[in-house]
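A quick write-up on the structure given underneath.
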2 protein chains.
Amino acid sequence: MVSGSRTGEFQDTMIKRTKGVTISQVADAAGVARSSVSRAFTRPDMLSPETVERIMKAAEALGYVPNHTARALSTGRHGNIGLIVPDIANPFFPPLIQAAQLEADRSDFCIFLGNTEENPKQEDKLVGRFAGQVEGLVLASSRLTDERIRAHAAQLPLVLINRDIEGIPRVLIDSGSGVRQAVEHLAKLGHRRIVYVSGPSNSWSNKQRRTAIRAAASKFNMEIEIVPAVLASYNSGRNAVGAILASGATAAIAFDDLTAQGVLAGLSEQHVSVPVSFSLIGCDDVLGAVTYPGLTSVSNRSNEAGKLAVSLLLEMLDNRSIRDVRYVLETHLVIRGTTTSALD
Amino acid sequence: MVSGSRTGEFQDTMIKRTKGVTISQVADAAGVARSSVSRAFTRPDMLSPETVERIMKAAEALGYVPNHTARALSTGRHGNIGLIVPDIANPFFPPLIQAAQLEADRSDFCIFLGNTEENPKQEDKLVGRFAGQVEGLVLASSRLTDERIRAHAAQLPLVLINRDIEGIPRVLIDSGSGVRQAVEHLAKLGHRRIVYVSGPSNSWSNKQRRTAIRAAASKFNMEIEIVPAVLASYNSGRNAVGAILASGATAAIAFDDLTAQGVLAGLSEQHVSVPVSFSLIGCDDVLGAVTYPGLTSVSNRSNEAGKLAVSLLLEMLDNRSIRDVRYVLETHLVIRGTTTSALD
DNA sequence: ACTTGACATGCAACCGGTTGCATGAAAGTC
DNA sequence: GACTTTCATGCAACCGGTTGCATGTCAAGT
C-alpha cells in the first residue's frame, strides 16, 4: 500500500524542547512579584508605565511567553473553539471551515477541527473529546439526534449550522428557496415527472430539500418520486441511476452536486445524454462551472454560514449568555447547462 | 452583504455551564485521597482492585471527567497537535487534512487547524499561537523561509509535508516522477514546444515541478517556457492564457489542476479547443474525471502524506526524539482527455 | 517471634499562571 | 500638619490535576 521510498540518516536525537521561561523567572529578573508580571501582560493599566516597561524588557530578554495552559486553568478560558463537520472532503465544507477559521482568528481564537465521517458515534466521541478544552462548539450538518444535541448544549455553548433546534442558536442555509426555483424552472421547461435523489436520512438539509421539492412539485402539478442515495457521494449518485431511469422521469434534482455528478456519470454510461434527453440539477454549487456541461445547481452560502456561526459563538462567549437565535441564509438557482426543455 | 433574515425570540439566558466535578469531590465521596483518584484514572495497577472500583463508582455517580487543562499543565502533555495549511479551500488539502485528523484520532489526539492564506506572516503568527498548546506541529506546503522553519523546529517537534529541509522530518510527494512522465507523454505525442504555468514562487512543489520539467524537456529536446501564475488558482490560470498562446507552444503543464482548469477556461474563451489544437496537463489530480474533457493530470497522494506526517509526529512524541527522516511518495501520470498528438 | 520486603495509600509539593485583599506610600483636602 | 483618598505593588490562595517520597500494613522468610 505505502509504496514510498524512505531515505536519510537515522541519527536519533533527543528533543531539545526549550522548556519555557516561567513568570517567576521574569519576576526575578525584573525585581517584582509574579503577580505584577501577570498584570503587565493582562491589565497593564493597573501598573505604573515604568514598571510595565521594565517587566516587558525583562520578558523580552528572556523570551518569555505566557503559558497558555496555565492561563486557561486559572481563568477557565482557553481561547479555543471546536468545529465538527461530517466530511471534510465534501467540497461543501472547506469554504465553511476556512471562513470559520478566519473569523476565529480575528478574535485570537484557535479552532479544533473534527471529522465525523457521517457517523453519529464518532461525532459524539469528538464532542466529548473537545468538550474539555474548548469554550464552545460549532456543529455543522450534525448527524446526531435532537436529544444528544440538546444534552451537549447543556454542557457547553453550541451553535448549529443546518440544523434547526429551538433554543439552540443556529445558522440555516435555506436551500428550500433555491430548490423551489429549481422545480419551477423544470416546470417551465415542460417536465411533468421528476425524481429527487435524496441524501443522508439524518441530514436536516436533506429533509428540507425533500419537503420543498414535494411542495413545489404539487404546486406545479408535477409528479415526484424519491430515490434514496445512501450517502452524499459520487458513487451513490451513480448507483441511483437505475432507479431514476426506471421511474420514467425526464428530470432529476439531486441532494448535492457530488451526487448529481455521480448521476451524470451513470447516465452517460447508459448513453442517456444530458441535457438533451434528461435534465439534471444539483445542490450547493460546489463545482462551479467545472463540469461540462456546467451543472445547473442551487447556490450555497457555506462560507457565510461558517463565519456567522463562529461570530455568533464568540458573541455568546463574550456575553456569557445564549440567545435563541435563528439566522436564515437564502439561496437561489444557478442555471447552467444541464437543464433544458422536456422532449415530449 | 449579509442578506439573511433573522428571526426567533431574543430571550437571553445565562449560560448554565455545568461547572465541572473536581477530583477532590470524587475523593471525598470515595473516602480516599485525591492522589488515589488520580491514580485510579491513570495507573489503576498501582491501586487495589477494590479501591479502584469504589473510586470509579463514585466518579461515575458524580459525573466526573478529568480536567484536560489541569492534566496538561502538570504533565506537560496536552494531546493536541497542530496542522497548518496554506489554503483549506484548495482541493489538494481536504483529503490531507482528513487523513491527518483520522490518524490523530486513532491515538486520541485532537487537531488544531490553521489556514495561512498563503501568507508567511499569517503562518508565523499561527505557529506562535499554536506553539503553547500543541505537542507538535505539521506544516503542509509551508511558505516560510528555511530559517523560520528551523527556528520553529527548535521550539517544538515539527514534521513537514512537501518541504525538504535536512534535519527536519519530512514527507515529500515527489511530483517530479509524475511530471517527468507527463513531459515524456507530450514528447511522444510530438509536441516540441511546451510551457509550464508555474505556481507560488515560495512553494517547494513548484520548484520541484519546474526543475523536473526543465530536465525532462531537455532530455527530449523540447523547448520549454515558464509562464508565472502568481497564485495556485483558477483565475491566475485564466490570466496566463495570453502569455501561453503568445509563446507559440502546443501544450502546457500547469502547476496544479486548479490552474489548469483556469487555463482550460481561458483557452476556450479564445476559441482554442482542447485537446484538438492544444494539449493540457494538470497536477495533483484533484478533479478526478469531473471536467469534460477529463483533465490529464499527475496523481497526488495527499491523504497518505497527511496520515504519514501525523503518525511520524506521534512517533516522535512517544520516543521524545526526532529522526532525520525523509519519506518520499512517488506519483504517476494519469492520462485522460486533454492531451493528444500535436497538430503540426 | 523478629526482620524484611512488597504493596497500597496518603501527604505535600509542584505545574504556571490569576486575582481578591492587604499594605504602604504618595497625593489631595481642610 | 493631620486625615483621607488614590494608586501601585506584594502576599497568598486558588485553578485541578500529577507524582516523589514517606508511612503503615500485612505476609513471607528464617
Side-chain angles (χ1 to χ4, degrees), chain A residues 17-56 58-59 62-80 108 129 131-135 155-156, chain B residues 17-56 58-59 62-80 108 129 131-135 155-156:
Chain A
R17 193 68 161 282
T18 32
K19 38 153 200 20
V21 179
T22 75
I23 203 173
S24 303
Q25 299 178 35
V26 177
D28 288 352
V32 295
R34 298 189 305 154
S35 43
S36 294
V37 178
S38 172
R39 291 196 254 262
F41 279 84
T42 55
R43 312 220 316 257
D45 51 298
M46 281 186 68
L47 267 43
S48 78
E50 307 83 55
T51 310
V52 172
E53 180 169 347
R54 187 152 41 95
I55 292 174
M56 287 311 192
L62 292 170
Y64 169 72
V65 177
N67 180 314
H68 193 91
T69 311
R71 179 174 290 178
L73 179 58
S74 56
T75 59
R77 304 210 53 170
H78 355 40
N80 301 147
D108 293 339
R129 212 207 271 326
Q133 37 190 342
V134 301
E135 296 186 34
Q155 304 292 334
L156 84 176
Chain B
R17 193 64 163 283
T18 32
K19 42 168 189 14
V21 180
T22 76
I23 203 173
S24 303
Q25 299 177 37
V26 178
D28 289 352
V32 295
R34 297 187 308 154
S35 44
S36 294
V37 178
S38 172
R39 289 186 182 113
F41 279 85
T42 54
R43 310 215 323 254
D45 50 297
M46 281 186 68
L47 266 43
S48 77
E50 307 82 54
T51 310
V52 171
E53 182 169 345
R54 187 154 39 95
I55 292 174
M56 286 311 191
L62 292 170
Y64 169 71
V65 177
N67 179 315
H68 193 92
T69 311
R71 179 175 288 179
L73 180 57
S74 56
T75 59
R77 303 210 56 169
H78 355 39
N80 301 146
D108 293 339
R129 213 206 273 326
Q133 38 191 345
V134 301
E135 296 187 33
Q155 304 292 334
L156 84 176

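In this text, all values refer to a predicted model and were calculated from it rather than measured experimentally. No hydrogens, no waters, no symmetry mates; every other heavy atom, side chains included, goes into these values. In what follows, chains are A, B, ... by sequence order, proteins preceding strands, each numbered from 1.
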query: Side chain of A:Ser35, base of D:dC11: donor and acceptor closer than 3.5 Å?
result: yes
- prompt: Given atom CZ of A:Arg43 and atom P of D:dT9, what is their separation to the nearest angstrom?
  reply: 14 Å
statement: From CG of A:Asn67 across to P of C:dT18 the rounded distance in Å is 9 Å
task: Under 4.0 Å between any heavy atoms, over every strand shown, what does B:Ser24 touch: base, sugar-phosphate, or nothing? Just pick one.
output: nothing
- request: Have a look at B:Leu73 and say if it touches a base, only the backbone sugar-phosphate, or nothing, with a 4.0 Å heavy-atom cut-off.
  value: base
statement: Of the listed D:dT19, C:dT9, C:dG17, the closest approach to the A:Thr22 side chain comes from C:dG17
task: For B:Ala33 and for B:Thr75, find the nucleotide of DNA chain C with the closest heavy atom, then tell me which residue's nucleotide is more 5'.
output: B:Ala33
- request: Provide the closest heavy-atom pair for A:Thr69 versus B:Ala72 in the form atom of the first, atom of the second, distance.
  value: CG2-CB, 3.8 Å
message: Closest approach to the side chain of A:Ile23, judged atom by atom: which nucleotide of D:dG10, D:dC15, C:dT18 is it?
response: C:dT18
query: In whole Å, what is the span from the CZ atom of B:Arg71 to the P atom of C:dG16?
result: 18 Å
field: 5'-most by nearest nucleotide on DNA chain D - B:Val65 or B:Met46
entry: B:Val65
- prompt: Could one point to a donor on the side chain of B:Arg34 or the base of D:dG16 with an acceptor on the other under 3.5 Å away?
  reply: no
message: Other residues, nucleotides and ligands only: do more than 12 of their heavy atoms fall within 6.0 Å of CZ on A:Arg77?
response: yes
query: Looking at side-chain heavy atoms only, is the closest gap between A:Thr22 and A:Asn67 below 4.5 Å?
result: no
field: Between P of D:dG17 and CD1 of B:Ile55, the distance in whole Å
entry: 13 Å
- prompt: If only side-chain N and O atoms of A:Ser74 are considered, is one of them under 4.0 Å from the OP1 or OP2 phosphate oxygen of C:dG17?
  reply: no
- request: Let me know the distance between CZ of A:Arg54 and C1' of D:dG10, rounded to the nearest Å.
  value: 13 Å
- request: Starting at atom CD of A:Gln133, determine the distance to atom P of D:dG16, rounded to an integer number of angstrom.
  value: 16 Å
message: Could you check whether any side-chain heavy atom of A:Ile55 comes within less than 4.5 Å of a side-chain heavy atom of A:Leu47, counting everything from C-beta outward?
response: yes
task: Name the nucleic acid region contacted by B:Val32, choosing base, sugar-phosphate or nothing; use a 4.0 angstrom heavy-atom cut-off, strictly under.
output: sugar-phosphate
query: Within the modelled atom types, does a donor on one side and an acceptor on the other bring the side chain of A:Arg39 and the base of D:dG10 under 3.5 Å apart?
result: yes
message: Base, sugar-phosphate or nothing for A:Phe41? Non-hydrogen atoms, less than 4.0 Å.
response: nothing
message: Keeping B:Arg34 on the side-chain end and B:Ser24 on the backbone end, is there a donor-acceptor pair under 3.5 Å?
response: no
task: Tell me whether the OP1 or OP2 atom of C:dG10 has a side-chain N or O from B:Ser36 closer than 4.0 Å.
output: yes
message: Does D:dT19 have OP1 or OP2 under 4.0 Å away from a side-chain N or O of B:Ser38?
response: no
message: Regarding B:Thr42, tell me which of base, sugar-phosphate or nothing describes its non-hydrogen contacts under 4.0 Å with the strands shown.
response: sugar-phosphate
query: How close or far is atom P of C:dG16 from atom CG of A:Asp28, stated in whole angstroms?
result: 14 Å
query: Over how many whole Å does the gap from B:Gln25 atom CD to D:dG17 atom C1' extend?
result: 13 Å
Heavy-atom closest contact (B:His78 atom, B:Glu135 atom, distance): N-OE2, 3.1 Å
